[in-house]
Asker: 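Here it is: the structure, laid out below.
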Amino acid sequence: MELLQYFPDVLTPWHLAILSLGMIGGLLLGATPGLSPTLAVALLIPFTFNMEAAAALILLGAVYTGTVAGGAISAILLGIPGAPANIATTLDGHALAKRGRAAEALHYCFLSSFVGGLIGILVLIFFTPPLAEVALRFGPSHLFWVAILGVTVIGSLGSKSVLKGLLAGAIGLWLATIGYDPVLGEERFVYSDHLTGGINIIAALVGLFAIPQVLGMLEGAGSTGPTATYQLESHGLAASIAATLSRWQALAIGSVVGIFIGLIPGAGGQVAGLVAYDQARKLSPNRDSFGKGEPEGIIAAESANNAMVGPSLVPLLTLGVPGSPTAAVLLGGLLIHGLFPGPNLFTLHAEVTWTFIGSLLLGQVLMLLFGLYISRHSRLVMQVPAHYMAAAVTVLAVFGAYSVQNSLSDVIVMLTLGTGMYFAAKVGVSPAPVVLGIILGPIAEMNYTQGKLIAEVGEGMARYFLTGPLNITLIGLCLASVGYSLLAELRSARPRRAQA
Amino acid sequence: MNTDRLTGFGALLLGIVLYSLAGDSEAYLFPRFIAVAIGLLGAVIAAATFSRVLLPTASTSGAGRAWLKSLPVLAVFIAYRWAMETFGFYSSAFAAFLIIVWLYAPEPLSYRTASKRIAISAVFTVAIFALFSLLLRVQTPRGMLL
Amino acid sequence: MSGDNATTIVAAIIALVMTALPGPASAQEYPSRPIMLTVAYSPGGATDLQARIVSQPAADRDYFGRPMIIVNKPGAGGKVAWSWFASRAQKTGYEVAVYNLPHVLAQSIALNADYGLDTLEPIANFGADPAVLAVSRDSSIETVEDFIAHAKQNPGAVTISGAGLYVGHHIALLQLERAAEIDLTYVPYPGAVPALTSLIGGQVQASFNNLSDAYRSRDRLKILAVADLDRDAAFLPNVPTFLERGIDIDDSSVNFRGFMVPRGTPAEVTDVLAERLPAMFHDEGVLRRMREGGASMRIMGREEVQTLWQRHQAALEALLADLGE
């Protein structure tokens, strides 16, 4: 097997040093509120210019893996997801941390990340050629249904009321229509120069989560001291491992969903965590405790996030089609070293390619070790006084929003959305559905419009969007998701009506 | 009137406003559709507050007047946004950090606490500078200062 | 921590920050500090990568002696960056931007953008990536003539993908429709790679795409023709141009990349740029890296590139006016 042949190349001191450094750096960057994996990898590309190809890819791969896992740290400790992928982690992870069980939440997070990540990389190693063909099958109609599948999750996401969740999601969908329409070339709702480029998803994510957290911390500041007024319990690692493994259904759901969504080009890993979280809740006997600190929620979300990393590289390495925004940036890293995606990558450049894949595998182990080490020190973050934490998050949010595209407009959008979200939260609206709306809106709209262009000159709208095995499967999943939500709603409404 | 009813009518109004803002070309098909959805959801939420069946949670009573405490920091946001371009990213970050800490610190002001706050703000600003300018090479706009 | 210690630390930090501040701007020779290079697309894209490669030797004493620092301002197909650059960039020579030729002028004409020939001044060109017409390997179409015949039999029913509106691919499509008197359905994608993938995956019947991207996927495609004045000798010597086949498509759709400054930048600064940029593009390391990256170079000096812009402005105005009302 080729991987074994080239694996020793990963173990040279120089490569190991780069891998460890990239992993630690990635975890810390990912844990910084406002710094997303895409941004971290993009900003590191210039540094890889003068490295040899293998070292450059090892660094970028390590930072990618590290930031995806690190984004969960701020999601759990501060309630601010490091990337859209970590939104689902926030829901139960932060709830658990607020009960004083931050270290335990981080244990679940890193253990499930490790399992998911490992499975994802193994899929990349063993199934690349057939899966690449699957990825190619996804056309506009299928991606449209994938987006709709995401929309069906919106209502039940983090909101206490399905109606308010849907309302928040609809507002997110609307926000995403601001700016220049890429298919029809029209400018929509650009009432200010700052909106020409539309609402950037990372700037929106930072604003919608970080700013309400800042304001919330300050509401309580003055009277109380530290951010965490709750007691910190210590939790044994062995107990965490046992607890994670005993929730194998959540691990399995997360890994499988992550792998499939990671494969779909463009729909991206941004929704993998959310869809997995939703499925795990629907199938879990503990579904009522989701959102209140249920370990299964963290496990499903994080195993999905990390399981997506490997498969998102499948279409990238074989076809040059990135499965996630971060993978798109990695493509640039490949090209700059003269490595063109395609079959040649595994023959002509086998040494570099397999060394890179080997380093991803080893990277998962390092991620687990460093992550667990960081978990032990989570109390340091939890004990920072609220006013200092609020000030730090404010400044980081501003720098993070700016750095995404070197744009002051993004900072203004971030602060405005964040302040609006703070007041919206007062009436029971939560930020997760808004962000999901902003992510899914453009995917749904663009693929609908493209599909319409193709369908109208061909087989017609109904046939194009509604027939074919892939369409029917996806529509079935959408219907199942909606149907199950309705059932659950009715079931919980019945006793309430009896009481009333 | 409870907050849910207010939210419902607010969303209904928002839906109507957004619908009227949308142009009538093909590019506005999606925004119009979403505006209708927002309005409908608002109407249902408002209606539910009369029947108490559809909306599971009782009205979130809000945290009362807690939001008044966040007014100073909202003013800081506005000033910060202005200062970024005028004075530069790092000097305004230092000022914003210090002012937020100052406004919300629980301890009484003394020579000792004041110098501690200034020192922490400065250390944080230098750390931010090291992370963004030195490590990540982000180019921030320059104002009168850094 | 005692109060006195803290004051010392604060003083030290303030001193440190002061030394990092830029000194007073003296009338030193240009350039006396790093030059910002604005790229209108995301990091990792073709334009970004090529800009990074060609600007890398800037810090060399032979060229500028100062580095060029890439600032990515993606958004709305380039509009965000170019609009900012034309209206708000400093006219000092320390703000330079990368242009993509048909995009910047076509957007200015078709979308009434607030930038264009009046506000931007091209200085030197480094790259050219022509649009090629490609169909899937499994297609029954073998030549451009086949394609046109097929389109005539199915008016409006042939779908063809490209990397968005008013980019080279879209211009090439408009030229083909006009020259061959056919009607095609253009399906814009958010980038060249997704547009090409849609062809490989069988979602659309044909694609106008970058020569470089199509070349990389040539095993899965049939590349019918190049929309340029000459064949591409380095990568696709066997693929004819449209002109050779008697179809009147010039180089209006070629994606030319180069450096520009906002109009109004002083002549003594633009002279320095005009003299040293082409030299930097000819740097051995640059040529080698571009070749390894599969990107073809086409280096032009100031006069040549300004004539090119004038010519394209006229051609695009004519083309887009036809298209409109």
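Quick note on labels: first sequence line is chain A, next is B, and so on, each numbered from 1.
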Asker: Could you tell me which of Ile171(A), Val395(A), Leu35(A) has the largest number of non-hydrogen atom pairs under 4.5 Å with chain B?
Answerer: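 Heavy-atom pairs under 4.5 Å are most numerous for Val395(A).
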
Asker: Would you indicate whether the side-chain heavy atoms of Lys452(A) and Glu26(B) approach each other to under 4.5 Å?
Answerer: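 A side-chain contact under 4.5 Å exists here.
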
Asker: Would you call Phe89(B) and Tyr402(A) a side-chain contact if the rule is heavy atoms closer than 4.5 Å?
Answerer: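 Side chain of Phe89(B) against side chain of Tyr402(A), heavy atoms only: contact under 4.5 Å found.
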
Asker: Heavy-atom distances under 4.5 Å only: say whether Ala176(A) touches chain B with side chain, backbone, both or neither.
Answerer: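 Neither part; nothing is under 4.5 Å.
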
Asker: For Leu68(B), which atoms come within 4.5 Å of any heavy atom of chain A: side chain, backbone, both, or neither?
Answerer: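 For Leu68(B), no heavy atom lies under 4.5 Å from chain A.
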
Asker: Thr7(B), Leu18(B), Leu74(B), Leu135(B): which one forms the most heavy-atom pairs within less than 4.5 Å of chain A?
Answerer: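 Most heavy-atom pairs within the cutoff with chain A belong to Leu18(B).
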
Asker: Quick one: what part of Leu173(A) sits under 4.5 Å from any heavy atom of chain B, side chain, backbone, both or neither?
Answerer: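 Backbone plus side chain of Leu173(A), per the 4.5 Å heavy-atom cut-off to chain B.
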
Asker: Using every non-hydrogen atom in the two residues, find where Tyr28(B) and Glu187(A) come nearest and quote the distance to one decimal.
Answerer: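 Answer, listing the atom of Tyr28(B) first, then Glu187(A): OH-O, 3.3 Å.
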
Asker: Top residue by heavy-atom pair count (under 4.5 Å) with chain A, among Gly42(B), Ala27(B), Ser70(B)?
Answerer: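 When all of Gly42(B), Ala27(B), Ser70(B) are compared, Ala27(B) has the most.
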
Asker: What part of Ile128(B) gets within 4.5 angstrom of chain A, counting heavy atoms only: side chain, backbone, both, or neither?
Answerer: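 It is the side chain, since no backbone atom gets that close.
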
Asker: Looking at residues at least two apart in the chain, or sitting in another chain, which of them share a side chain to side chain contact (heavy atoms under 4.5 Å, CB included) with Thr177(A)?
Answerer: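 Thr177(A) satisfies side chain to side chain contact (heavy atoms under 4.5 Å, CB included) with Trp174(A), Arg188(A), Phe189(A), Glu445(A), Pro31(B), Ile34(B) only.
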
Asker: So, do Leu131(B) and Leu29(A) sit near enough that their side-chain heavy atoms are less than 4.5 Å apart?
Answerer: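 SC-SC contact between Leu131(B) and Leu29(A) confirmed.
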
Asker: What part of Ala22(B) is in contact with chain A, defined as an atom under 4.5 angstrom from a non-hydrogen atom: side chain, backbone, both or neither?
Answerer: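 For Ala22(B), backbone and side chain are both near chain A.
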
Asker: So do Phe399(A) and Tyr90(B) actually touch side chain to side chain, heavy atoms under 4.5 Å?
Answerer: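 The answer is yes; the side chains approach within 4.5 Å.
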
Asker: Name the member of Leu44(A), Val214(A), Thr449(A), Thr419(A) that forms the most heavy-atom pairs with chain B at distances under 4.5 Å.
Answerer: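 Going by pairs under 4.5 Å, I would pick Thr419(A).
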
Asker: What part of Ile99(B) is in contact with chain A, defined as an atom under 4.5 angstrom from a non-hydrogen atom: side chain, backbone, both or neither?
Answerer: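 Looking at Ile99(B), nothing touches chain A.
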
Asker: Could you check Ile412(A), Val398(A), Ile211(A) and say which one makes a side-chain contact (heavy atoms from CB on, under 4.5 Å) with Phe77(B)?
Answerer: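 By the side-chain contact (heavy atoms from CB on, under 4.5 Å) criterion, Phe77(B) pairs with just one of Ile412(A), Val398(A), Ile211(A): Ile211(A).
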
Asker: Is any side-chain heavy atom of Ile100(B) less than 4.5 Å from a side-chain heavy atom of Leu218(A)?
Answerer: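 The answer is yes, as the side chains (C-beta and beyond) meet within the 4.5 Å cut-off.
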
Asker: Taking side chain as C-beta onward, heavy atoms only, is Tyr448(A) less than 4.5 Å from Leu29(B)?
Answerer: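 Touching, per the 4.5 Å side-chain cut-off.
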
Asker: Is chain A contacted by the side chain of Ser121(B), its backbone, both, or neither, given a heavy-atom distance below 4.5 Å?
Answerer: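 The answer is neither part of Ser121(B).
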
Asker: Counting C-beta onward and ignoring hydrogens, is there a side-chain heavy-atom pair between Thr394(A) and Val76(B) closer than 4.5 Å?
Answerer: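 In short, these two side chains do not touch, never coming nearer than 4.5 Å.
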
Asker: As a quick check of understanding, evaluate ring pair (Phe, Tyr, Trp, His ring centres under 6.0 Å) for Phe124(B) and Tyr388(A), giving each step before the final call.
Answerer: CA-CA 10 Å; Phe124(B) 183 76; Tyr388(A) 281 110; 9.6 Å; no

Asker: Relative to chain A, which segment of Val73(B) carries a heavy atom at a distance below 4.5 Å: side chain, backbone, both, or neither?
Answerer: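 Contact with chain A: side chain only.
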
Asker: Measuring only between side-chain heavy atoms, which start at C-beta, is Asp4(B) closer than 4.5 Å to Val427(A)?
Answerer: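 No, side chains not in contact.
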
Asker: So how far is it from Leu40(B) CG to Leu167(A) CG, rounded to the nearest 0.5 Å?
Answerer: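 Between atom CG of Leu40(B) and atom CG of Leu167(A) there are 11.0 Å.
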
Asker: In terms of heavy-atom pairs under 4.5 Å with chain B, which of Asn406(A), Thr32(A), Leu408(A), Leu396(A) leads?
Answerer: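 The answer is Leu408(A).
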
Asker: Pick one of side chain, backbone, both or neither for Phe97(B), based on which atoms fall under 4.5 Å of a heavy atom in chain A.
Answerer: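 It is both, since atoms from each part get that close.
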
